[in-house]
Amino acid sequence: MRAPSFWWNERSSLAARLLSPAGAVFGAVTARRMAREGVRASVPVICVGNLVAGGAGKTPTALAVASYLAEAGERPIFLTRGYGGRLPGPVLVDPGVHAAADVGDEPLLLARKARTVVARDRPEGAAFAAGLGASVIVMDDGLQNPSLHKDLVIAVIDGATGIGN
């Protein structure tokens with residue numbers, strides 16, 4: 001998913017000025033929602049997310065984080081919602097069994113590096129991952145989902161494009 005082209009317009013347009021009050025209300029509602037304390041998992045949760053719609057590099061960053069953790073002797077398991085997939089989970093992704101239509105395309109990519117759990121309900125998915133032996137959970141996306149407490153948040157920003165207007 002890419003942000004619409006007007007997002008990168010550096011000039012303040014009439015539409016941007018007219019939508020500014022709605023943006024302020026949306027921001028306030030979002031801030032209130034994000035202030036909620038999520039369910040704490042039994043293992044640490046590292047969330048790799050981004051502030052814009054797609055393309056910031058969060059999945060490669062999540063892969064690198066899991067690689068570093070594995071090299072340090074940890075047992076990372078990825079947790080993702082599985083956008084584009086039909087299975088609500090929690091389910092352990094098996095690239096030999098599951099297709100993108102089942103779990104989404106990114107979980108199949110993640111599962112090549114480490115065990116990957118797809119769950120629309122993040123706290124339920126975290127409990128499932130911990131039950132599978134995770135010593136740490138690496139969430140690919142989920143920055144805007146307050147349902148699960150995050151012990152560490154990494155916000156990825158594309159240095160070439162920034163965060164838009």
Are the side chain of R115 and the backbone N or O of L132 linked by a donor-acceptor pair below 3.5 Å?
-> yes
Please round to the nearest 0.5 Å and tell me the distance separating atom [atom1] of [X] and atom [atom2] of [Y].
| X | Y | atom1 | atom2 | answer |
| --- | --- | --- | --- | --- |
| L63 | K113 | CG | NZ | 7.0 Å |
| Q144 | N50 | CD | CG | 7.0 Å |
| E124 | S147 | CD | OG | 10.5 Å |
| I77 | T116 | CD1 | OG1 | 8.5 Å |
| M139 | D151 | CE | CG | 11.5 Å |

[X] versus [Y], closest heavy-atom pair with distance:
| X | Y | value |
| --- | --- | --- |
| C47 | K150 | CB-CG, 3.6 Å |
| V118 | G82 | CG1-CA, 3.9 Å |
| V117 | G125 | CG1-O, 4.0 Å |
| L108 | A99 | CD1-C, 3.8 Å |
| R122 | L79 | O-CD2, 3.7 Å |
| V93 | A111 | CG1-CB, 3.9 Å |

Common cluster, [X]/[Y], ILVMFWY with side-chain heavy-atom separation under 4.5 Å:
| X | Y | value |
| --- | --- | --- |
| V153 | V45 | no |
| V156 | F78 | yes |
| V39 | I137 | no |
| L87 | L109 | no |
| L152 | V138 | yes |

Verify side chain to side chain contact (heavy atoms under 4.5 Å, CB included) between L110 and D140, making sure each step is shown before the conclusion.
-> CA-CA 9 Å; L110 295 170; D140 182 7; 3.6 Å; yes
Side chain to side chain donor-acceptor pair (under 3.5 Å) contacts in which one or both residues fall within residues 73-98, not counting sequence neighbours = E74-S135, R86-D102
Can you list the steps and then say if V91 with F128 is a side chain to side chain contact (heavy atoms under 4.5 Å, CB included)?
-> CA-CA 8 Å; V91 62; F128 184 73; 5.8 Å; no
Please test L69 against I46 for side chain to side chain contact (heavy atoms under 4.5 Å, CB included), starting from the C-alpha separation and ending with a verdict.
-> CA-CA 11 Å; L69 290 166; I46 298 172; 3.9 Å; yes
